[in-house]
Visitor: 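One structure, pasted below without further comment.
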Amino acid sequence: MSKTFAGAQRLGRIPPYLFAEIDRKVQEKKRAGVDVISLGIGDPDLPTPGRIVSVLQETAADPSNHRYPSYFGLAELRESIAGWYNDRAGVELNPGTEILPTLGSKDGISHVPMALVDPGDVVLAPDPGYTVYVTGAIMAGAEPYAMPLTEANRWLPDLDAIPAGVADRARLMWLNYPNNPTAATADRDFLERAVAFCHRHNVVLCHDAPYSEIAFDGYRPLTLFEIPGAKEIGLEFHSLSKTYNMTGWRIGWVCGRSDLVNLIGQLKTNIDSGIFQAVQWAAIEAINGGEEETRAACAVYARRHRLVAATLNSLGWKIKPPRATFYVWAPVPAGYDSIGFASHVLDQVGVNITPGVGFGSRGEGYFRLSVTAPDARLEEAMNRMRKLQL
Ligand SMILES: *Cc1c(COP(=O)(O)O)cnc(C)c1O
């Protein structure tokens, strides 16, 4: 074997990691002694609620949880999820056939193309968007097709703009509302049109909904299966990561049409061996325990959003705090591209934000900032931003 090893071609097809340059600069600044404040990553700073941690501690000590778990998750967990969905959305899901727990939703999202599409099939994905929709499609040998999200379309894809030839070859469509990175939300009318499109073209509609509970001022995002006909063509991906501050725990689920759920389960039996049962018991506690802590976390995010909007608006932006998610998505000032602006902010004030182009070429011209930094750090970041020379 030669000294350098190029790796598999499929890895070579994955677009370059555009945050690498920024990451390098952040590390450089830190080495030079700069106290960098990171608003770059969507990872809740608030801790997992104590009642959930306690259940993990208790169940981790029980040897019955130490062996291989079931591939399909504890029946009690699937029942809790079904109960949650019913309470939250008035939708019935069969816990035996329509729900599959996953190792975080990224597990389900990255693997679903491998279970459902063939090489040469088209996977429709929003641009800008969570990059795993595209990389998962590439890993499966499929062809990703970008659905541009634009401010003019309120960050909703224009379904009529998808060429007929593409729609006919498409097997899967990704949607994600409330949206990362744009913080946009989808109304019923749009979701109904998406469901109709997928019925018409025989496309599996995959709705990624990790922010369904991160919403403000009484707004309740729609879940996919509240749309009539959605379960006949759709899957929805949920996560405990954002709702219960559990990003490190790796637990979520996919639910929807039973044969599709079953195919993902069949694939996963060949990839992983289930979720540590103590984590599943903790997830049951999380889901059954009500939404008081989530509402309290949302009140914190809403307050932080108001601070960020006030700060940016004092510098000349015209943004409104979003209705959902912990992201701020805003245009970069004239004269910068998104990477240039993120570098400038890092250089001038030591605050790390994410260039929009990292989420796809249509994200150029924007940046994303996450309000998941502790209050004092976010306040300090905003005080620094007020001194930014544009
Ligand atoms: C955070 C996030 C996920 C993944 O969360 P997991 O921790 O893997 O459950 C999925 N999709 C989007 C859009 C996200 O922002």
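Order of listing sets the numbers, starting from 1, for every ligand and every atom in it.
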Visitor: Ignoring angles and geometry beyond distance, decide whether Thr247 reaches within less than 3.5 Å of ligand 1 through its nitrogen or oxygen atoms.
Guide: no

Visitor: When only distance counts, is Asn176 in polar contact with ligand 1, meaning an N/O pair under 3.5 Å?
Guide: no

Visitor: Between the main-chain N or O of Ser338 and the side-chain N or O of Glu364, is there a donor-acceptor pair closer than 3.5 Å?
Guide: yes

Visitor: Is there a heavy atom of Arg250 sitting under 4.0 angstrom from any atom of ligand 1?
Guide: yes

Visitor: For ligand 1, which atoms have a heavy atom of Gly104 less than 4.0 angstrom away?
Guide: 8 (O), 9 (O)

Visitor: For Tyr130, is at least one N or O under 3.5 Å away from an N or O on ligand 1?
Guide: no

Visitor: I'd like to check whether Asp208 has a polar contact with ligand 1, where a contact means an N/O of the residue lying under 3.5 Å from an N/O of the ligand.
Guide: yes

Visitor: Where the side chain of Asp187 meets the backbone of Phe190, is there a donor-acceptor pair that is under 3.5 Å apart?
Guide: yes

Visitor: N/O of Ser241 under 3.5 Å from N/O of ligand 1, yes or no?
Guide: yes

Visitor: Go through it in stages, so that I can follow the logic: the residues are Tyr244 and Ile52, the test is side-chain contact (heavy atoms from CB on, under 4.5 Å), and I'd like the CA-CA distance, side-chain angles, deciding distance and then a yes or no.
Guide: CA-CA 9 Å; Tyr244 305 103; Ile52 301 170; 4.2 Å; yes

Visitor: May I ask you to list the atoms of ligand 1 that are less than 4.0 angstrom from any heavy atom of Asn180?
Guide: 13 (C), 14 (C), 15 (O)

Visitor: With respect to Val26, which candidate in Lys30, Glu28, Lys29 satisfies the side chain to side chain contact (heavy atoms under 4.5 Å, CB included) definition?
Guide: Lys30

Visitor: Among protein heavy atoms, which lies nearest atom 5 (O) of ligand 1, and at what distance?
Guide: Ser105 OG, 3.5 Å

Visitor: Is it true that Arg171 and Asp118 have a side-chain N and a carboxylate O under 4.0 angstrom from each other?
Guide: no

Visitor: With ring-ring contact (aromatic ring centres under 6.0 Å, His included) as the criterion, how do Phe326 and Tyr211 come out once you've worked through the C-alpha distance, each side chain's angles and the decisive distance to 0.1 Å?
Guide: CA-CA 9 Å; Phe326 38 60; Tyr211 300 101; 5.4 Å; yes

Visitor: For Tyr133, which part has a heavy atom under 4.0 Å from ligand 1: side chain, backbone, both, or neither?
Guide: side chain

Visitor: Under the ring-ring contact (aromatic ring centres under 6.0 Å, His included) rule, what do His238 and Trp84 come out as? Steps first, then yes or no, please.
Guide: CA-CA 12 Å; His238 281 270; Trp84 178 86; 5.5 Å; yes

Visitor: Please state which part of Tyr211 comes within less than 4.0 Å of ligand 1, counting heavy atoms only: side chain, backbone, both or neither.
Guide: side chain

Visitor: Please report which non-hydrogen protein atom sits nearest to atom 14 (C) of ligand 1, along with the residue it belongs to and the distance in Å to one decimal place.
Guide: Lys242 NZ, 3.2 Å

Visitor: What do you reckon, does Pro210 put a non-hydrogen atom under 4.0 Å from ligand 1?
Guide: yes

Visitor: Regarding Asp107 and Lys268, does a basic nitrogen lie under 4.0 Å from an acidic carboxylate oxygen?
Guide: yes

Visitor: Is it the case that the side chain of Asn313 and the backbone of Ala310 share a donor-acceptor pair, with hydrogens and angles ignored and the cut-off at 3.5 Å?
Guide: no

